[in-house]
Amino acid sequence: MTKEQLATFLVRILDKDADAKAKAKAALSVGDPTVTDWAKGYVELALKLKLLNNAPNGTFGGNVPADRELLVKGSFQSAKTLEESKPLFVTGGFFETGDKLNLKLTVQIDPKSIDLSKIKINDVPLDPKLDNFELSKDGKTIIIKLHKSLQFDDPSKMPKIDISGLTTLYGNSVKNDERNPIPVTATELLVTKPRSTTPSTTSEPATNQSPSPEPTPSPSPNPSQNPNPDD
């Protein structure tokens, strides 16, 4: 593969074939004798997107063989450019337990870019000495273990979470702004329901109850009379 063929391949990966063809006519007027006419639009766009660079002498060197290092660098830069065109932000924060916070993202994160002191809950930064984290297998969820449990009294008033300094594996910045704040939720077990202030009603005893009638004593049986008292 030549260098101009690599430029064409990388531009097409980004689905910018039409843009390259549109630039081809203008590129012919500028001219670079080291680039074939059919590849001039692709080479110009590859240079503009910084997918590849010119040689030290100022020419591109279109027919120079593309070595392994150039292929790796060009592929990395192409993947980075493609990633930049996608949403890169935190999609939500979820308090799974009082001391466990999951932060979900749209893209894989570089673990080296995670600094707990740059993650704030209600404007209070986390403490890297007391709090800790791990990254999910897919690299899209930061699982934070807080040193202090949180309890929420009102599910409609979740704490505000701010994050800065996160970057992807390709070095692109991940951020939320005022137009795209981080939505925060919590498991129902963490949301305490306010105690009811209404006293419980109990049935009171009736005040005009008729007294229970006293039992009528049974008459004692008459003693048997002896008709013959002298007997």
Side-chain angles (χ1 to χ4, degrees), residues 1-92 103-115 118-119 133-143 162-183:
M1 179 181 290
T2 64
K3 193 176 177 183
E4 64 184 21
Q5 288 174 332
L6 176 59
T8 303
F9 173 73
L10 296 177
V11 169
R12 285 177 174 172
I13 284 179
L14 298 177
D15 197 23
K16 293 184 178 295
D17 190 67
D19 295 342
K21 291 179 179 179
K23 286 182 174 294
K25 187 175 181 179
L28 287 173
S29 62
V30 176
D32 183 339
T34 67
V35 180
T36 309
D37 287 349
W38 68 264
K40 288 185 182 293
Y42 295 98
V43 170
E44 181 177 332
L45 192 55
L47 292 172
K48 181 180 180 180
L49 296 175
K50 299 181 180 180
L51 305 179
L52 297 171
N53 298 317
N54 279 323
N57 63 3
T59 62
F60 185 73
N63 291 314
V64 173
D67 57 18
R68 182 183 181 87
E69 181 180 359
L70 190 62
L71 179 61
V72 172
K73 289 182 177 179
S75 299
F76 179 89
Q77 189 62 41
S78 180
K80 179 179 180 179
T81 303
L82 181 62
E83 185 182 71
E84 287 176 343
S85 65
K86 299 179 180 180
L88 305 176
F89 59 89
V90 181
T91 61
L103 297 173
K104 297 186 178 295
L105 305 104
T106 60
V107 68
Q108 287 184 318
I109 291 299
D110 182 359
K112 296 179 181 179
S113 71
I114 302 175
D115 183 352
K118 295 182 179 180
I119 300 177
F133 76 93
E134 62 178 334
L135 203 57
S136 62
K137 291 183 178 180
D138 64 359
K140 294 183 178 181
T141 302
I142 305 173
I143 306 166
D162 296 307
I163 302 176
S164 61
L166 292 180
T167 59
T168 71
L169 294 175
Y170 293 105
N172 291 316
S173 297
V174 177
K175 51 181 144 182
N176 295 66
D177 53 29
E178 295 180 356
R179 296 171 299 176
N180 185 27
I182 301 174

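The residues of the chain are indexed from 1 along the displayed sequence. Everything numeric in this text was worked out from a predicted model, so none of it was measured.
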Inter-residue atom distance Thr106.OG1 - Phe89.CZ, 0.5 Å rounding: 5.5 Å

Within a reach of under 6.0 Å around OH of Tyr170, are more than 12 heavy atoms found that belong to other residues, nucleotides or ligands? no

Could you check if a side-chain atom of Ile114 sits within less than 4.5 angstrom of a side-chain atom of Phe133, using non-hydrogen atoms only? yes

Pair Phe60, Lys3 - check side-chain contact (heavy atoms from CB on, under 4.5 Å), show working. CA-CA 8 Å; Phe60 185 73; Lys3 193 176 177 183; 3.5 Å; yes

Show, in sequence, the C-alpha distance, side-chain angles and deciding distance for Leu135 and Ile142, and conclude whether the side-chain contact (heavy atoms from CB on, under 4.5 Å) test is met. CA-CA 5 Å; Leu135 203 57; Ile142 305 173; 3.8 Å; yes

Could you pull out the closest heavy-atom pair between Leu105 and Leu166, with the gap in Å? CD2-CD1, 3.8 Å

What one should report as the nearest heavy-atom pair of Lys40 and Val35 is NZ-O, 3.2 Å

Give, for atom OG of Ser78 and atom CG of Leu6, the distance between the pair rounded to the nearest 0.5 Å. 9.0 Å

Can you tell me how far the OG atom of Ser164 sits from the CD1 atom of Ile119, to the nearest 0.5 Å? 8.5 Å

Minimum heavy-atom distance Thr168-Val174, with the two atoms named: CG2-CG2, 3.7 Å

Can a donor-acceptor pair be found, under 3.5 Å and without considering hydrogens, that links the side chain of Ser113 to the backbone of Asp110? yes

What do the steps show when you test Ile109 against Lys140 for side-chain contact (heavy atoms from CB on, under 4.5 Å), and what is the final call? CA-CA 6 Å; Ile109 291 299; Lys140 294 183 178 181; over 6 Å; no

Answer yes if the side chains of Tyr42 and Asp17 hold a donor-acceptor pair under 3.5 Å, and no otherwise. yes

Could you check whether atom CZ of Phe9 has more than 12 heavy atoms from other residues, nucleotides or ligands sitting under 6.0 Å from it? no

Is there a donor-acceptor contact under 3.5 Å from the side chain of Glu44 to the main chain of Ala20? no

When you look at NZ of Lys175, are more than 12 heavy atoms from neighbouring residues, nucleotides or ligands closer to it than 6.0 Å? no

Approximate separation, where rounding is to 0.5 Å, of Leu10 CG and Thr81 OG1: 9.5 Å

First locate atom CG of Asp138, then atom CD of Gln108, and finally report the distance between them rounded to the nearest 0.5 Å. 7.0 Å

Do Val107 and Lys86 have side chains that get closer than 4.5 Å, going by heavy atoms? no

Take Val64 and Thr2, measure what side-chain contact (heavy atoms from CB on, under 4.5 Å) needs, and give me the verdict at the end. CA-CA 5 Å; Val64 173; Thr2 64; over 6 Å; no

Let me confirm one number: the NZ-CG distance from Lys16 to Leu51, rounded to the nearest 0.5 Å. 9.5 Å

Give a yes or no on whether the backbone of Lys104 and the side-chain of Thr91 come within a donor-acceptor separation of less than 3.5 Å. yes

Between Gln77 and Lys50, what is the shortest heavy-atom contact and its length? CG-O, 2.9 Å

Below 4.5 Å, heavy atoms only, C-beta onward: do Leu47 and Asn54 meet side chain to side chain? yes

Would you call Asp177 and Arg179 a salt bridge, taking side-chain N to carboxylate O under 4.0 Å as the test? yes

